Amino acid sequence: MFATEIFMHRFLLASAVRTLNPDEADWFYTPVYTTCDLTPWGHPLTVKSPRMMRSAIQYVSKRWPYWNRTEGADHFFVTPHDFGACFYFQEEKAIQRGVLPVLRRATLVQTFGQKNHVCLREGSITIPPYAPPHKIRAHIVPPETPRSIFVYFRGLFYDTANDPEGGYYARGARASVWENFKNNALFDISTEHPPTYYEDMQRAIFCLCPLGWAPWSPRLVEAVVFGCIPVIIADDIVLPFADAIPWEEIAVFVPEDDVLRLDTILTSIPMDEILRKQRLLANPSMKQAMLFPQPAEPRDAFHQVLNGLARKLPHPKDVFLKPGQKVLNWTEGAQDDLKPW
């Protein structure tokens with residue numbers, strides 16, 4: 001789900017919008033695979049990510065003149081971490097860190113999106129997490145398959161390894177879902193991840209998309225692609241590509257404080273509203289906008305990113321610095337981040 005940085009790079013290498021003449025370029029892209037350094041458990045090792053990013057920017061700024069003209073204001077970076085360029089998976093520490101100082105003028109393309117949050121800078125482009133299109137499309141069931149499951153969810157309810165006392169992970173929302181609805185016949189919820197997971201989502205009416213450590217979740221992509229109405233439990237979430245996907249029309253939003261009433265909220269939705277949401281979700285363009293296929297396809301997530309970048313053009317004149325002018329403080333930030341890579 002963190003692999004967008006790799007596939008965005010591959011897409012741009014073959015894209016018609018790429019130019020080899022930097023004087024023709026509206027934007028500069030530097031591929032930095034900050035999520036490819038993994039822990040033994042397969043999670044991104046964010047400790048080294050800031051140093052890796054600083055190292056890449058130092059290299060670019062010393063080798064070519066283009067970064068120094070704007071200190072990155074006409075550059076974009078893909079940062080698909082839990083909390084984007086704050087580079088940490090737990091919110092409290094991510095807030096303390098803030099966005100890596102050397103990226104403060106750049107445009108960030110990131111999965112993290114939450115209103116009024118230090119890890120989402122104004123002008124950032126919020127994207128869906130990566131979900132493998134070939135794998136998803138290999139599990140499509142016939143459209144006439146009945147949706148016999150009312151509410152579906154597979155995933156963690158507690159993260160005892162990182163939150164041994166409970167209550168901090170998912171701000172307690174997932175734990176509340178489990179404790180209140182594990183024995184409710186309308187809710188098919190479990191920590192088990194069956195081989196029929198994708199097929200099961202296509203048999204469900206509602207798919208829970210609660211926050212985890214961060215507000216976003218790959219279930220959001222899966223729910224939209226599989227036509228399962230997303231039930232978004234993540235206060236103040238900023239969703240991807242709002243101009244292409246009418247989230248208010250296709251999803252159900254449940255405040256975290258109202259999880260106790262989840263069954264009442266969902267059972268009270270009129271059938272005609274459910275059918276209307278399902279018809280909207282059946283639109284192929286809706287599914288296309290959430291996926292990063294290889295090769296790229298019209299109106300897919302790659303092209304939604306390009307649309308987002310295009311809307312930020314032309315760059316205002318004040319992004320270009322005067323000769324010798326400096327805005328960024330390269331010595332700002334955590335001491336460990338300043339170590340050479």
Side-chain angles (χ1 to χ4, degrees), residues 1 113 126 128-129 131 133 136-137 139-155 157 170 173-174 176-178 180-182 184-190 193-194 196-212 215-291 301:
M1 63 183 171
T126 307
I136 283 177
R137 289 169 175 172
H139 290 266
I140 297 294
V141 303
E144 64 273 12
T145 302
R147 292 190 177 268
S148 55
I149 301 170
F150 190 64
V151 179
Y152 188 76
F153 177 81
R154 291 293 184 274
F157 296 99
R174 292 198 188 197
S176 182
V177 168
W178 177 249
N180 288 283
F181 303 109
K182 59 186 175 184
N184 188 315
L186 295 176
F187 284 68
D188 188 346
I189 59 176
S190 172
H193 204 288
T196 57
Y197 172 69
Y198 284 159
E199 289 82 359
D200 292 344
M201 290 188 85
Q202 294 169 83
R203 296 185 180 98
I205 296 172
F206 296 105
C207 288
L208 301 186
C209 301
L211 74 163
W216 60 271
S217 163
R219 292 171 193 81
L220 198 62
V221 178
E222 295 160 350
V224 171
V225 172
F226 291 137
C228 186
I229 298 170
V231 180
I232 298 171
I233 308 170
D235 294 353
D236 296 324
I237 188 172
V238 175
L239 291 159
F241 310 144
D243 56 327
I245 300 175
W247 290 107
E248 295 291 338
E249 299 295 319
I250 66 170
V252 175
F253 292 83
V254 176
E256 293 165 31
D257 287 344
D258 287 347
V259 167
L260 292 172
R261 300 176 47 246
L262 190 55
D263 54 346
T264 304
I265 292 170
L266 296 180
T267 54
S268 65
I269 298 175
M271 181 54 68
D272 59 344
E273 185 175 344
I274 290 173
L275 293 173
R276 183 176 59 82
K277 291 180 184 295
Q278 290 175 336
R279 282 194 297 270
L280 289 170
L281 284 165
N283 186 334
S285 65
M286 208 83 65
K287 308 174 191 300
Q288 196 75 355
M290 294 293 281
L291 294 174

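As the structure is a prediction and not an experimental result, all values here were calculated from the model.
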Practice item. First locate atom SG of Cys207, then atom CE of Met201, and finally report the distance between them rounded to the nearest 0.5 Å. Key: 3.5 Å
Point to revise | Check: Glu222 side chain, Ala131 main-chain N or O, donor-acceptor pair, under 3.5 Å | key: no
Point to revise | Pair Ile229-Ile269, side chain to side chain contact (heavy atoms under 4.5 Å, CB included): steps then yes or no | key: CA-CA 12 Å; Ile229 298 170; Ile269 298 175; over 6 Å; no
Check your understanding: Any donor-acceptor pair under 3.5 Å linking the side chain of Asn180 with the backbone of Ser176?
Key -> yes
Exercise for review: Compare all side-chain heavy atoms of Lys277 with those of Leu280 and state whether any distance is below 4.5 angstrom.
Suggested key: no
Review point. What are the two closest heavy atoms between Ala234 and Pro215, and how far apart are they?
Key: CB-O, 3.8 Å
Check your understanding: Can any side-chain N or O of Arg219 pair as donor or acceptor with the backbone N or O of Arg154 at less than 3.5 Å?
Key -> yes
Review point. Is the backbone N or O of Arg147 less than 3.5 Å from a side-chain atom of Arg203, with the two atoms forming a donor-acceptor pair by type?
Key: no
Check your understanding: Any idea which heavy atoms bring Asp258 and Ile265 closest together, and the distance?
Key -> O-CD1, 4.0 Å
Check your understanding: Is there a side-chain contact between Asp200 and Tyr152, using heavy atoms and a 4.5 Å cut-off?
Key -> yes
Study note, to complete from the structure: When rounded to the nearest 0.5 Å, the distance separating CH2 of Trp247 from CD1 of Ile237 is 8.5 Å
Check your understanding: Hey, is the main chain of Leu281 close enough, under 3.5 Å, to the side chain of Lys287 for a donor-acceptor pair?
Key -> yes
Check your understanding: Tell me, do Ile245 and Leu239 make a side-chain contact under 4.5 Å, heavy atoms counted?
Key -> no
Study note, to complete from the structure: Nearest heavy-atom approach of Cys209 to Pro230 is SG-CB, 4.0 Å
Check your understanding: Is a side-chain donor or acceptor of Lys182 paired with a backbone partner of Ile189 at a separation under 3.5 angstrom?
Key -> no
Point to revise | Steps toward side chain to side chain contact (heavy atoms under 4.5 Å, CB included) verdict (Asp263, Asn184) | key: CA-CA 9 Å; Asp263 54 346; Asn184 188 315; 3.8 Å; yes
Revision key, fill the gap. For Pro129 and Pro218 the tightest heavy-atom approach is CG-CA, 3.7 Å
**Study point:** Heavy-atom pair with the smallest gap, counting every atom of Thr126 and Val238
**Key:** CG2-O, 3.4 Å
Review point. So, do Ile205 and Gln278 sit near enough that their side-chain heavy atoms are less than 4.5 Å apart?
Key: yes
Check your understanding: Relative to each other, are the rings of Phe226 and Tyr198 parallel, tilted or perpendicular (30° and 60° limits)?
Key -> tilted
Revision key, fill the gap. Between Gly155 and Arg174, the two heavy atoms sitting closest are C-NH1, 4.3 Å
Check your understanding: Taking atom CZ of Phe181 and atom CG of Asp188, what is their separation to the nearest 0.5 Å?
Key -> 14.5 Å
**Study point:** Any side-chain heavy-atom pair of Phe241 and Pro128 under 4.5 Å
**Key:** yes
Point to revise | Full working for ring pair (Phe, Tyr, Trp, His ring centres under 6.0 Å) between Phe150 and Phe206 | key: CA-CA 6 Å; Phe150 190 64; Phe206 296 105; 5.3 Å; yes
Practice item. Hey, could you give me the OG1/CG distance between Thr267 and Leu262, rounded to the nearest 0.5 Å? Key: 9.5 Å
Check your understanding: Between Asp235 and Glu256, is there a donor-acceptor pair closer than 3.5 Å when you use the side chain of the first and the backbone of the second?
Key -> yes
Review point. OG1 of Thr145 to CD of Glu199: how many Å apart, nearest 0.5 Å?
Key: 9.5 Å
